[in-house]
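Throughout, numbering of the chain's residues begins at 1 and tracks the sequence. Because the structure is predicted, anything quoted here is derived from the model rather than measured. Atoms considered below: every heavy atom in the structure, side chains included; atoms not considered: hydrogens, waters and symmetry mates.
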Amino acid sequence: MDSKAIENAQRVAARVTAEADGDAWKEHHWTVARFLAGSRSAAEEDRWRRQLNDWRERLVASLAADAYAEVAESQDLLLGWLLTELGRSEDAIGSLLALYPLPRPKPEPRSVFPMPASEVYGDGPEFYFSDVFAFVTDYLAVTIRRPLDGTSATWCPLWWEHPEAGARLSSLWLAWEHLRHDPALGMTTWWIQHADPHLRVLMDPRQGPFAACSPEGHTREPLGPLPVEPYEPT
């Protein structure tokens, strides 16, 4: 199985997991069951529908309990099912792309780096997201769901105006790009060891970098930098 097939399975698993507790679930339910059953039988498709319903119930319960490690495990379980079906035949990737087409590339992507990320980090595997802006907009913002009430969590729509937020989200993006190549434990590692601690700081309504802002807009008077005195060697 090539890396593109794995990347597409990861993309679909992330999208279905993010949208499983909303109105889109009904369509995902039938679409994913149809893919996992292949063309083997109607009974097989019915079996997958029941199994996906059980999967969704566990996921929704984990979301309600803020058990995000369990949410990540549910996403990894769905990813495993998708990868198993992709391994059955060479035609399976075509079926998956027909059901979940690739998003259209965005023109003239922006970058937080003074030069392309590939030049900063050397020649390695091709990045899935062109820059941190695409990562936050197309993956993080649609995956993370929180009550942004300013009491339990907050956010700033102009997150790039906050240097700490830009640095942390860039780190999250680069860690995701690296760990996505591990289909077994990569996403679990990313969620537990990278996303969870960074998001706790970023979304802290009292001590985080967005404490002076709100989900409705960016404040024109953001928090100032740390006070420092110039260092003078003796």
Side-chain angles (χ1 to χ4, degrees), residues 1-65 67-106 125-130 134-146 176-177 179-191 195:
M1 187 183 305
D2 61 23
S3 60
K4 288 296 183 182
I6 295 173
E7 289 172 9
N8 278 288
Q10 291 171 333
R11 174 178 62 87
V12 173
R15 178 180 170 184
V16 174
T17 301
E19 298 178 355
D21 63 337
D23 295 336
W25 168 247
K26 184 176 181 180
E27 181 178 350
H28 288 313
H29 184 206
W30 285 84
T31 304
V32 176
R34 189 179 308 120
F35 171 76
L36 293 175
S39 57
R40 288 183 287 280
S41 68
E44 180 75 357
E45 191 170 329
D46 287 339
R47 183 182 72 82
W48 274 114
R49 288 197 192 98
R50 291 192 298 271
Q51 191 158 339
L52 285 168
N53 268 333
D54 292 341
W55 173 85
R56 178 181 182 265
E57 287 180 5
R58 293 193 299 272
L59 174 64
V60 171
S62 299
L63 288 169
Y68 297 111
E70 295 177 8
V71 173
E73 290 175 1
S74 294
Q75 181 171 320
D76 285 344
L77 179 60
L78 177 58
L79 174 61
W81 293 338
L82 294 171
L83 290 173
T84 298
E85 184 60 28
L86 284 173
R88 289 182 184 273
S89 71
E90 296 181 356
D91 297 334
I93 183 60
S95 299
L96 185 64
L97 288 173
L99 296 169
Y100 289 96
L102 287 169
R104 294 180 179 179
K106 292 186 175 181
E126 181 181 353
F127 280 24
Y128 189 87
F129 292 102
S130 57
F135 171 74
V136 172
T137 300
D138 297 337
Y139 180 77
L140 203 65
V142 298
T143 303
I144 302 300
R145 309 294 175 95
R146 298 290 190 279
W176 187 92
E177 293 287 357
L179 290 168
R180 71 188 175 90
H181 295 289
D182 178 359
L185 298 175
M187 287 298 98
T188 295
T189 300
W190 182 80
W191 277 104

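Counting only distance, with no hydrogens or angles, the side chain of E177 and the backbone of Y128 share a donor-acceptor pair below 3.5 Å.
The aromatic ring centroids of H28 and Y100 lie less than 6.0 Å from each other.
Taking CZ of R49 as the reference point, atom CZ of R34 lies at 7.5 Å (rounded to 0.5 Å). Taking OG from S95 and CG from L86, the interatomic distance works out to 9.0 Å, rounded to the nearest 0.5 Å. Remark: R40 CZ to R88 CZ distance equals 4.0 Å, nearest 0.5 Å. For the atom pair CH2 of W176 and NE2 of H181, the computed distance is 8.5 Å after rounding to the nearest 0.5 Å. Within the model, atoms OH of Y139 and CD of Q10 stand 8.5 Å from one another, a figure rounded to the nearest 0.5 Å. With values rounded to the nearest 0.5 angstrom, D46 atom CG is found 13.0 Å from Q51 atom CD.
Remark: R11 does not engage E7 in a salt bridge, criterion side-chain N to carboxylate O under 4.0 Å.
Contact record, E19 with R145: CG-NH2, 4.2 Å, taken as the closest heavy-atom pair. For the residue pair V142 and A18, the shortest heavy atom distance occurs at O-CB, 3.3 Å. Shortest non-hydrogen contact noted between A184 and D76 is O-OD2, 4.5 Å. What you find for L59 and S74 is that their closest heavy atoms are CD1-CB, 4.1 Å. The minimum heavy-atom distance between T17 and A13, with the atom names listed, is OG1-O, 2.7 Å. Closest non-hydrogen pair, W55 versus A20, comes out as CZ3-CB, 4.1 Å.
Residues N53 and R56 have side chains that never bring a donor and an acceptor to within less than 3.5 angstrom of each other.
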One pair to check against salt bridge (charged side-chain N to carboxylate O under 4.0 Å, His left out): R58 and E73. What are the steps and the verdict? CA-CA 10 Å; R58 293 193 299 272; E73 290 175 1; over 6 Å; no
Run the numbers on T189 and D182 for side-chain contact (heavy atoms from CB on, under 4.5 Å), then give the verdict. CA-CA 10 Å; T189 300; D182 178 359; 5.6 Å; no
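Contact of the W25 side chain with the V32 side chain is not registered, since no non-hydrogen atoms from C-beta on lie closer than 4.5 Å. Residues L83 and I6 have side chains in contact (heavy-atom distance under 4.5 Å, counting atoms from C-beta outward). In this structure the side chain of L97 reaches within 4.5 angstrom of the side chain of L102, judged on heavy atoms.
Remark: E44 CD is packed, more than 12 non-hydrogen atoms of other residues, nucleotides or ligands lying under 6.0 Å away. By the 6.0 Å contact criterion, CG on D54 is enclosed, its count of non-hydrogen atoms from other residues, nucleotides or ligands being greater than 12.
Taking the six-membered ring for Trp and thresholds of 30 and 60 degrees, W190 and F135 have ring planes more than 60 degrees apart, a perpendicular arrangement.
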